[in-house]
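Small disclaimer: the values here were computed from a predicted structure and weren't measured. Every chain is numbered from 1, with letters handed out A, B, ... down the list of sequences.
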Amino acid sequence: MTDILGYAKKGMMVNARELFDDMVERNVVSWTAMVAGYANSGDITSAKELFDEMPVRNSVTWTAMIAGYGKCGDVIKAVEVFDQIPACDHSAWAAMITCYGHNGYAREAIEMYKRMRKLNVKADEVSLVGLISACTQIGDVEMGNSIADQMEESSCNQSPVVSNALIHMHAKCGSIDGALNEFKNMFEKDVVSYSALITALADHGRANEALELFSRMQKDGVEPNQVTFVGVLNACSHAGLVHEGRKYFEMMTNIHGISPSTEHFACMVDILGRAGHIEEAYKLITDNVGIIDTGVNSSSRASQGLHRLREGGVWGALLGACRVHGNVELGEIAAKHLFEIEPENTGNYLLLASIYTSANRWDDAARMRKMMCEIGIQKSPGRSWVSNKD
DNA sequence: ATAGGGTTAG
């Protein structure tokens, strides 16, 4: 039994299933562990099969199914499950709020939260985090400001996860002071707290403070992760700190054993390129094209599209640098990749056109603008046909 | 015992 739970938790569903099939005395916990295991590994079909077969379900089972549909983006099915729950508890509400938020329905998530409170269901940490996350998405400061009271009431004002979500919300909604304040009042700051605030400071143009915070994080003995370093490198990029950028990149790989992801490469290309080290930036890409292409942190839910988008970030950074420094040769190479990766992004044509213009290559610049127009024309009639039909 | 949550994205 303990083995099944272990395998299911790790997503090793073939092993878990073997043991489960041989099991004599299954109970609601082993059934639910299987359902949740399938749902978490993205196999919602198998999860649903077992869910339908199982003789007894409990609130954990229902919640796992909602989250499973949420994870694969099927909000309709998640709502169906939610509506069928015989006795809906706070966890089911929390899963539904989260499901809406994660799929871009921030307003629905907030409405769901309000409905829950109207029925006197108590908010818990998870529903609060879902609410905060939704408020962050649409910049609902008013709702965000009411969260402090909710926290008192649900007695999770000391939850690090809730506080981390609040740091992010304040930062994204423009209140860096709010983020700093939330951070200051935390009892136990973890890697996410530091990473969120480092990123926030970097985004707000306060690179030195971001790097100071990184030093303090190390003094406090909190181990940085790959997200932390994206923030740190972003700070270097905004402040034009080439030497420091190189130093942190090496520190990340050599001391902390973190293999650089496409985001890290994009930051480095940006740092080097802005400073005029365009050849070096280009070499960084070509030397690591295997890593950048496949992505080292490819999670199971990372789609092909996501990778291509990320790869675009690297070439996009190079193209931007080529424009600043007027490098036609590498600008053409970067643009060529971008035209393939994201042909619909007209900004890339404009950037290359601008590079040509700076080099007095008017004909080439005109050719780019023409290509851009053709793409715009190809796109819009297609759209209006679709919308005219319904 | 089994579930749901926070930090990267130019």
Side-chain angles (χ1 to χ4, degrees), chain A residues 1-6 8-9 16 26-37 39-40 47 54 56-71 78 82 89-99 101-102 109 123-134 136 156 159-169 171-172 179 182-183 186 189-200 202-203 222 224-234 237-238 261-264 266-267 269-270 297 302 306 309-310 312-317 319-320 345 347 351:
Chain A
M1 175 68 170
T2 46
D3 291 336
I4 288 193
L5 304 189
K9 198 150 209 167
R26 299 170 183 168
N27 61 18
V28 66
V29 174
S30 50
W31 276 101
T32 301
M34 291 299 296
V35 169
N40 280 328
M54 62 194 290
V56 181
R57 306 177 185 105
N58 64 16
S59 74
V60 179
T61 328
W62 289 99
T63 304
M65 282 304 290
I66 294 173
Y69 280 121
K71 195 169 187 181
F82 182 83
D89 73 345
H90 63 104
S91 303
W93 282 95
M96 202 56 233
I97 291 166
T98 304
C99 167
H102 280 181
D124 65 0
E125 281 184 63
V126 180
S127 57
L128 268 177
V129 168
L131 173 72
I132 296 166
S133 168
T136 308
C156 45
S159 154
V161 180
V162 173
S163 294
N164 290 340
L166 283 172
I167 292 174
H168 183 221
M169 181 188 79
K172 285 283 176 196
E182 186 64 38
F183 181 85
M186 285 182 76
K189 305 162 176 71
D190 64 11
V191 59
V192 177
S193 328
Y194 280 98
S195 304
L197 194 57
I198 287 170
T199 303
D203 285 347
V222 178
N225 64 16
Q226 59 271 46
V227 179
T228 320
F229 278 102
V230 173
V232 168
L233 293 175
N234 258 324
S237 158
H238 291 326
S261 71
T262 301
E263 280 83 3
H264 300 118
C267 290
V269 169
D270 193 58
N297 57 347
L306 204 60
L309 204 73
R310 284 178 171 177
V314 179
W315 293 114
L319 183 61
N345 187 345
L351 273 171

*Asks:* Measure from CG on A:N58 to P on B:dG4 and round the result to the nearest Å.
*Replies:*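 Computing the A:N58:CG to B:dG4:P distance gives 13 Å.
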*Asks:* Of all the choices, B:dT7, B:dA3, B:dA1, which nucleotide is nearest to the side chain of A:N27 once you look at every atom?
*Replies:*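 Nearest nucleotide to the side chain: B:dA1.
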*Asks:* A:H264 near the nucleic acid: base, sugar-phosphate alone, or nothing, with a heavy-atom cut-off under 4.0 Å?
*Replies:*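 Contact class for A:H264: none.
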*Asks:* What's the closest nucleotide to the A:V29 side chain, out of B:dA3, B:dA9, B:dT2?
*Replies:*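 So the nucleotide nearest the side chain must be B:dT2.
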*Asks:* Which nucleotide in the list B:dT7, B:dT2, B:dA9 gets nearest to the side chain of A:V227?
*Replies:*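 Nearest nucleotide to the side chain: B:dT7.
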*Asks:* Output the rounded distance in Å from CD1 (A:I132) to P (B:dG4).
*Replies:*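 The distance from CD1 of A:I132 to P of B:dG4 comes to 19 Å, rounded to the nearest Å.
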*Asks:* Does A:W31 have A:R57 sitting over its ring (NZ/CZ under 6.0 Å from centre, angle to axis within 45°)?
*Replies:*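 No, cation not above the ring by the 6.0 Å, 45° rule.
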*Asks:* Are OP1 or OP2 of B:dT8 and a side-chain N or O of A:H168 less than 4.0 angstrom apart?
*Replies:*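 Indeed, a polar side-chain atom of A:H168 lies that close.
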*Asks:* Taking only side-chain nitrogens and oxygens of A:K9, does any of them come within less than 4.0 Å of OP1 or OP2 of B:dA3?
*Replies:*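 Yes.
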*Asks:* Compute whether any side-chain donor of one residue and acceptor of the other, for A:S91 and A:S59, lie under 3.5 angstrom apart.
*Replies:*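 Side chains of A:S91 and A:S59: no pair found under 3.5 Å.
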*Asks:* When you check the phosphate oxygens OP1 and OP2 of B:dA9, does a side-chain N or O of A:N234 lie under 4.0 Å from one of them?
*Replies:*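 Affirmative; the distance criterion is met.
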*Asks:* Under the 6.0 Å and 45° cation-pi test, does A:K189 pair with A:F183?
*Replies:*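 The answer is yes, since A:K189 meets both limits relative to A:F183.
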